[in-house]
Amino acid sequence: MCKSSEGVERMKKLLFVLVMTALLAACGTDEKTPNTTQGSSQQPETILLYKADGNAEYTMPYEIEFTGNDTNLVPFIFKNVNEHEVVLLDYKFEQENQSLILNLGDDVYTIQGSAGAAMFVETLAKSYFENFPELKEITFIHKGSYESILDHMNIGEPYKRQNFDM
């Protein structure tokens, strides 16, 4: 009988080791799963953006592949639509994601004339309105200030979705 009780004890220990190994393996898998799904393994999607035509009179839609989430989408749109040297310092959504504030750097002074400002604003606004359906207005600010600094572009004043027939 001693031999069989020793065998039972060994089986219990073996079973315990197997169960613990399985639990540790499962825990390790759960910890790794979010890291592998958040990076470049996300499926790309096609989004619609806008650019100026050759004469800078009208905007034209075009498609581009985007891989990421809504947090990455705002800077992605700005980078791909902005045809000036203007830097996006940061941005924030307000009013339950119905208002987008784009904080621009000093390079905003490089936007020349009414036509240049109109194309800068219109291509960005249409691209954001297209990809954020709940968005109702976009406000451009300069280095955190809502003070109007340009005569050919509204700084600190919101551009509304209806201004662009969207």
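- With rounding to the nearest 0.5 Å, the separation of CD1 in Ile101 from OG1 in Thr139 is 4.0 Å.
- Under the 30°/60° scheme for interplanar angles, the aromatic rings of Tyr128 and Phe132 are found to be tilted.
- The hydrophobic cluster containing Phe164 also contains Tyr62, counting ILVMFWY residues as joined when their side-chain heavy atoms lie under 4.5 angstrom apart, directly or transitively.
- Checked against salt bridge (charged side-chain N to carboxylate O under 4.0 Å, His left out), Glu85 has no partners two or more places apart in sequence or in another chain.
- Between atom CD1 of residue Ile77 and atom CG of residue Asn72 there is a gap of 11.0 Å, rounded to the nearest 0.5 Å.
- Following chains of ILVMFWY side-chain contacts shorter than 4.5 Å, one cannot reach Ile111 starting from Leu89, and the two form parts of different hydrophobic clusters.
- Residues satisfying the salt bridge (charged side-chain N to carboxylate O under 4.0 Å, His left out) test with Lys136, not counting sequence neighbours, are none.
- More than 12 heavy atoms of other residues, nucleotides or ligands shown are found within 6.0 angstrom of CD on Glu45.
- Using a distance-only test at 3.5 Å, with no hydrogens or angles considered, a donor-acceptor pair links the side chain of Asn69 to the main chain of Thr71.
- When the side chains of ILVMFWY residues are joined at heavy-atom separations under 4.5 Å, either directly or via intervening members, Val74 and Phe140 end up in a single hydrophobic cluster.
- Other members of a hydrophobic cluster containing Met60 are absent, since no ILVMFWY side chain comes under 4.5 Å of it, directly or through relayed contacts.
- Counting only residues at least two apart or on different chains, the ring pair (Phe, Tyr, Trp, His ring centres under 6.0 Å) pairs with a member in residues 64-90 are Phe66-Phe76, His84-Phe120.
- For the residue pair Ala52 and Glu83, the shortest heavy atom distance occurs at N-OE2, 4.4 Å.
- Between the side chain of Ser99 and the main chain of Gln95, no donor-acceptor pair closer than 3.5 Å is present.
- Looking at Asn82, its side chain does come within 3.5 Å of a backbone N or O of Val86 through a donor-acceptor pair.
- Applying the side chain to side chain donor-acceptor pair (under 3.5 Å) criterion to Asn131, with sequence neighbours excluded, gives no partner residue.
- For the atom pair OG1 (Thr59) and CG (Leu124), the distance works out to 11.0 Å, reported to the nearest 0.5 Å.
- Taking both residues in full, the closest heavy atoms of Leu104 and Met153 are given as CD1-CE, 4.1 Å, listed atom of the first, atom of the second, then distance.
- Note that the CG atom of Leu73 and the CD1 atom of Ile47 stand 5.0 Å from one another [nearest 0.5 Å].
- Here the side chain of His152 pairs no donor or acceptor atom with the backbone of Ala118 at under 3.5 angstrom.
- Once rounded to the nearest 0.5 Å, the distance linking CG of Asn80 with OG of Ser127 reads 9.0 Å.
- No more than 12 heavy-atom neighbours from other residues, nucleotides or ligands sit within 6.0 angstrom of OH on Tyr58.
- Leu88 CG to Asp107 CG: the interatomic distance, rounded to the nearest 0.5 Å, is 11.5 Å.
- Lys126 forms a cation-pi arrangement with Tyr50, by the criterion of a distance under 6.0 Å to the ring centre and an angle within 45° of the ring axis.
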Sequence neighbours left out, cut at 3.5 Å: what donor-acceptor pairs do the side chains of residues 141-149 make with other protein atoms?
| from | atom 1 | to | atom 2 | distance (Å) |
| --- | --- | --- | --- | --- |
| His142 | NE2 | Asp106 | OD1 | 2.8 |
| Lys143 | NZ | Asp106 | OD2 | 3.4 |
| Ser145 | OG | Glu147 | N | 3.0 |

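- Placement of Leu48 and Phe129 within a single hydrophobic cluster is found when ILVMFWY residues are connected by side-chain heavy-atom separations under 4.5 Å, directly or transitively.
- One N or O on the side chain of Asp53 and one on the backbone of Ala56 form a donor-acceptor pair closer than 3.5 Å.
- In the hydrophobic clustering of this structure, Ile138 groups with Val108; members are Ile, Leu, Val, Met, Phe, Trp, Tyr whose side-chain heavy atoms approach within less than 4.5 Å, directly or through other members.
- A side-chain donor-acceptor contact under 3.5 Å links Arg161 to the backbone of Pro133.
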Go through the steps for Thr46 and Glu63 under the test side-chain hydrogen bond (donor to acceptor under 3.5 Å, both in side chains), then give the verdict. CA-CA 6 Å; Thr46 301; Glu63 293 181 340; 5.3 Å; no

